[in-house]
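Since we're looking at a predicted model, the values are computed, not measured.
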Amino acid sequence: IMLHSTLALSLLLIAVTSNLAMAIKKEKRAPQTLSRGWGDEITWVQTYEEGLYQAKKSNKPLMVIHHLEDCQYCQALKKAFAENEEIQEMAQNNFIMLNLMHETTDKNLSPDGQYVPRIMFVDPSLTVRADITGRYSNRLYTYEPQDMLFLIENMKKALRLIQTEL
């Protein structure tokens, strides 16, 4: 009977320890800092160059979001973007994703100026899609929180254009 209770105690200890280890592991998982609130389930690349490389390698379009922390329009767009399940799912599965808080040296990413927020698509042939625009003529690549369905259409367009052109 002594052996039995020792065994039971050992098993209990093992169970508690492994649960504790799992809890610590969960705690330790650093928040996905590259998401900056745009979607924690999405795998984000760190730089434009890395984005171009991944787009070419994976044959997926690159989606570049230019934004700034202290911009209220960016914050509003980010919230709508992060809460939209269809956008999050497509971003996760079909796109290479990059959100930038600084300008790139690629002038093709600011064809009509350096404003935020702006969202642009680059296809796997590394062509910036100046033909995929938002609905505002004064800032071609800007989207507002109420434009999520329009953004979804543009994401689908970016995916369609790859298949038809490559």
Separation of [Y] [atom2] from [X] [atom1] (nearest 0.5 Å):
{"X": "Arg160", "Y": "Met155", "atom1": "CZ", "atom2": "CE", "answer": "13.0 Å"}
{"X": "Arg129", "Y": "Met63", "atom1": "CZ", "atom2": "CE", "answer": "15.0 Å"}
{"X": "Leu34", "Y": "Leu98", "atom1": "CG", "atom2": "CG", "answer": "9.0 Å"}
{"X": "Asn154", "Y": "Ile119", "atom1": "CG", "atom2": "CD1", "answer": "9.5 Å"}
{"X": "Asp123", "Y": "Lys56", "atom1": "CG", "atom2": "NZ", "answer": "9.5 Å"}
{"X": "Ser110", "Y": "His66", "atom1": "OG", "atom2": "NE2", "answer": "7.5 Å"}

Counting N and O atoms only, with roles assigned by atom type, does the side chain of Asp112 sit under 3.5 Å from a partner on the main chain of Leu140, one being a donor and the other an acceptor?
yes

Look only at the side chain of Arg36 and the backbone of Asn99, and say whether a donor-acceptor pair between them is shorter than 3.5 Å.
yes

Within a strict 4.5 Å, meaning less than it, do heavy atoms of the [X] and [Y] side chains meet?
{"X": "Ile96", "Y": "Pro61", "answer": "no"}
{"X": "Val64", "Y": "Leu100", "answer": "yes"}
{"X": "Gln114", "Y": "Leu109", "answer": "no"}
{"X": "Pro117", "Y": "Thr142", "answer": "yes"}
{"X": "Val45", "Y": "Met97", "answer": "no"}
{"X": "Val122", "Y": "Thr127", "answer": "no"}
{"X": "Asn84", "Y": "Ile152", "answer": "yes"}

For [X], which residues count as a salt bridge (Lys or Arg N to Asp or Glu O under 4.0 Å) partner, sequence neighbours excluded?
{"X": "Glu89", "answer": "none"}
{"X": "Glu69", "answer": "Lys78"}
{"X": "Lys79", "answer": "Glu83"}
{"X": "Glu103", "answer": "Arg118"}

Could you list the cluster mates of Val116? Members are the ILVMFWY residues connected by side-chain heavy atoms closer than 4.5 Å, either directly or through other members.
Leu68

What residues join Met101 in its hydrophobic cluster, counting side-chain heavy atom gaps under 4.5 Å, either direct or through other members?
none

Between [X] and [Y], what is the shortest heavy-atom contact and its length?
{"X": "Gly39", "Y": "Gln88", "result": "CA-OE1, 3.2 Å"}
{"X": "Gly37", "Y": "Ala82", "result": "O-CB, 3.5 Å"}
{"X": "Lys60", "Y": "Ile162", "result": "C-CD1, 4.2 Å"}
{"X": "Lys157", "Y": "Asp131", "result": "NZ-O, 3.3 Å"}

With sequence neighbours excluded, what pairs up with Lys156 under the side chain to side chain donor-acceptor pair (under 3.5 Å) test?
Glu86

When you look at CD of Glu85, are more than 12 heavy atoms from neighbouring residues, nucleotides or ligands closer to it than 6.0 Å?
no

Applying ring-ring contact (aromatic ring centres under 6.0 Å, His included) as the test, list every pair that has at least one member in residues 103-137; sequence neighbours left out.
Phe95-Phe121

Any pair with a residue in residues 139-154 that passes salt bridge (Lys or Arg N to Asp or Glu O under 4.0 Å), sequence neighbours left out, goes on the list, sorted by first then second residue, please.
Arg135-Asp147

Verdict with reasoning, Ile87 to Met148, per side chain to side chain contact (heavy atoms under 4.5 Å, CB included):
CA-CA 8 Å; Ile87 287 179; Met148 291 306 95; 3.5 Å; yes

Check: residues 47-54 side-chain donor-acceptor pairs under 3.5 Å, at least two apart:
{"unit_1": "Thr47", "atom_1": "OG1", "unit_2": "Glu50", "atom_2": "N", "d": "3.0"}
{"unit_1": "Tyr48", "atom_1": "OH", "unit_2": "Asp106", "atom_2": "OD2", "d": "2.8"}
{"unit_1": "Glu50", "atom_1": "OE1", "unit_2": "Gln46", "atom_2": "N", "d": "2.9"}

Are Ile132 and Leu149 in one and the same hydrophobic cluster, where Ile, Leu, Val, Met, Phe, Trp and Tyr link if side-chain heavy atoms are under 4.5 Å apart?
yes

Counterpart residues, ring pair (Phe, Tyr, Trp, His ring centres under 6.0 Å), relative to Phe81 (two or more places apart)
Trp38

Just jot down the ring pair (Phe, Tyr, Trp, His ring centres under 6.0 Å) partners of Tyr141, sequence neighbours excluded, or say none.
none

